[in-house]
There are 2 protein chains.
Amino acid sequence: MTIDLRQMRYFVALAETLHFGRAAERLHISQPPLTRQIAALERELGVRLLERNSRHAGLTHAGRRFLEDSRLAMATFEQACRNAQLAERGELGTLTVGFMMHAAHTVLPRLTRQFMNDHPDVHVELREMVPDLLPDAILTGRFDAAVTFDPGAIRGLSTDRIHEEQLCLVAHSSHRLAALPIVRAEQLAGEPLIATPPDVAPTLRDAILRYLRSAGIVPVFRLEAQLQQTIVSLVAENLGVALVPASMGKLGLSGLAFRPLEQAPTVAHVVAWRDGNMNPTLRPFLASAGVPESSASDS
Amino acid sequence: MTIDLRQMRYFVALAETLHFGRAAERLHISQPPLTRQIAALERELGVRLLERNSRHAGLTHAGRRFLEDSRLAMATFEQACRNAQLAERGELGTLTVGFMMHAAHTVLPRLTRQFMNDHPDVHVELREMVPDLLPDAILTGRFDAAVTFDPGAIRGLSTDRIHEEQLCLVAHSSHRLAALPIVRAEQLAGEPLIATPPDVAPTLRDAILRYLRSAGIVPVFRLEAQLQQTIVSLVAENLGVALVPASMGKLGLSGLAFRPLEQAPTVAHVVAWRDGNMNPTLRPFLASAGVPESSASDS
DNA sequence: GCTATCAATACCTTTTCGGTATCATGACGA
DNA sequence: TCGTCATGATACCGAAAAGGTATTGATAGC
């Protein structure tokens, strides 16, 4: 078929006025081209769309049907164009965000709500993952962005700090350390500690190690688990104490004491993304996360 | 926008091959026009659809979105064209059929099933109506066709007989006439009859009158109702006897006796339509009803 | 650095589209 | 009944757009 959207547009105008002259005027063309295009349309369709009585024209049944369908087709076409523009501006599309479980208790909920409010037509896919696997998932393009502990400098990966919190001590309520209003590093000497394995969250593990070593303590790790939630649960069973991000205290588990540390170390959450990720929805997401325009764009 | 379906078609071909030369070949044009049309499309949309690396091209996120939407838009467009052709052939559209209630027990079910089987995309609207109002409803265009007792010759109305049946006597089981295997007109003398009012179904009323008068009987109508079903129900209450189309006996009401009449008069069902009704679904409907092509077309 | 490949550009030809003028037709009024 | 008016169809012309051929430009791989 050589039928054209123009012919469809002409036909709709004609069907709505049922008058070649007035329809042509509305289309900003003269009457003869309109007559010709309609004739061509009818010829190419092989369908009589209008009943002309030389006095006034009326739609045939097929014409009425074609009018409805034409309106739909034109709307669908225009929607396609509009969507392309929205997609390029990052206001329409899909964004896949990986995050470590711990972030579900800190920045992720508000970040997600903020972004989804500002960009209602972006489909967001959230994927939980242990921190050490996130950088690779971003670099291979499986995720567009990630929220995790700072993984340090990685080639091709940009990061921006969006959250920082102190570590605190968590111990069973009956533990001797639970009686202290504030805990000093030296007081942890010889205490069996529960922590994440070194490869799962190196930043967090390192922060704990540095803190203890600066007080001359050689830590004893007898029990390890990947998730902070798991660690806290194990502490609740009195299997040891742990240094965890202060936000874990908000979970409201009973039988536990969260105590501040003197000169407490901090851990940061970052949002991370691949340099050169062209998903247009990424920039708005970074903007919602508070990443400065400069560091978002020079990646 | 001056964006064209052609450009969309070109883009889809290009997006599917990701190669200007091969896409152009598939479109039966040479490569330069394709390059130009795609460039024009991107310019008019204001959206970069392809990432060209001079070695091979890839879709941008917006391009991927536009590809999906373009496929939908093109399909919708083609559907519009196809539908117009189907509508003209009467294979798609809406047919409104009025009918007298009595036809629901005779020809209407099989006629409707036949037509809907043969024309699955035609929407059928059935409207019950008392017989005397049907011709006007057709002439004013509210219905495309009607199934009713023969209304006689009406200007602008064509009819074709599609069903004929004898009248029979219906009486209460305890009635004296119920004992007879066959009933003669003379035996109805003085019997109170239930019938339709003269203006509701003149043909039927006249057939009954002629039958009785030919036997020299002056009928006594003490009770009248519009619907044959109502009449039969009243007979079941022993409020009188009635002459009704034989098909009423199939309803299976208990306590009633249906008896054949000697020299029984017949009543016909016709399908009726307005001369010059241009609804394309009407011809196929008349064909399903068994109306000869000649009488359907010369109207 | 050379070559092969592929998209972009230049330039020309053909097609299509729109504009003006005019014609054909049928309704309406004198 | 004839003239007039309204309206869609045709004829013809100029402008715009599309496609074709030849060529250039850029880059990946040897």
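Scope of the values below: all heavy atoms of this structure, side chains included, with no hydrogens, waters or symmetry mates. Lettering of chains follows the sequences in order, A, B, ..., and the numbering in each one begins at 1.
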For [X] and [N], give me the distance from atom [atom1] to atom [atom2], rounded to whole Å.
X	N	atom1	atom2	answer
B:Phe20	D:dA26	CZ	P	17 Å
B:Glu44	D:dA18	CD	C1'	13 Å
B:His19	C:dT5	NE2	P	10 Å
B:Ile38	D:dA17	CD1	P	18 Å
B:Leu18	C:dC6	CG	C1'	14 Å
A:Arg52	D:dA6	CZ	C1'	17 Å
A:Leu14	D:dT7	CG	P	13 Å

Problem set entry | Heavy-atom protein contacts under 4.0 Å, nucleotides 14-20 of chain C, coded B base, S sugar-phosphate only, - none | ---SBBB
Problem set entry | Presence of A:Thr35 side-chain N/O under 4.0 Å of D:dA9 phosphate oxygens OP1/OP2 |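 Indeed, a polar side-chain atom of A:Thr35 lies that close.
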Show me, pair by pair, the donor-acceptor contacts under 3.5 angstrom made by side chains of residues 117-124 of chain A, not counting sequence neighbours?
from	atom 1	to	atom 2	distance (Å)
A:Asp118	OD2	A:Gln114	NE2	3.1
A:His123	NE2	A:Glu125	OE2	3.3

Got a salt bridge between [X] and [Y], using NZ or NE/NH1/NH2 to carboxylate O under 4.0 Å?
X	Y	value
A:Glu91	A:Arg82	no
A:Glu88	B:Arg65	no
B:Arg71	B:Glu78	no

Exercise. What pair of heavy atoms forms the shortest contact from B:Val200 to B:Pro131, and how long is it?
Worked result: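 B:Val200 and B:Pro131 have their closest heavy atoms at O-CB, 3.4 Å.
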Exercise. Under 3.5 Å, is there a donor-acceptor pair linking the side chains of A:Thr203 and A:Asp150?
Worked result: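 Absent: no donor and acceptor within the cut-off.
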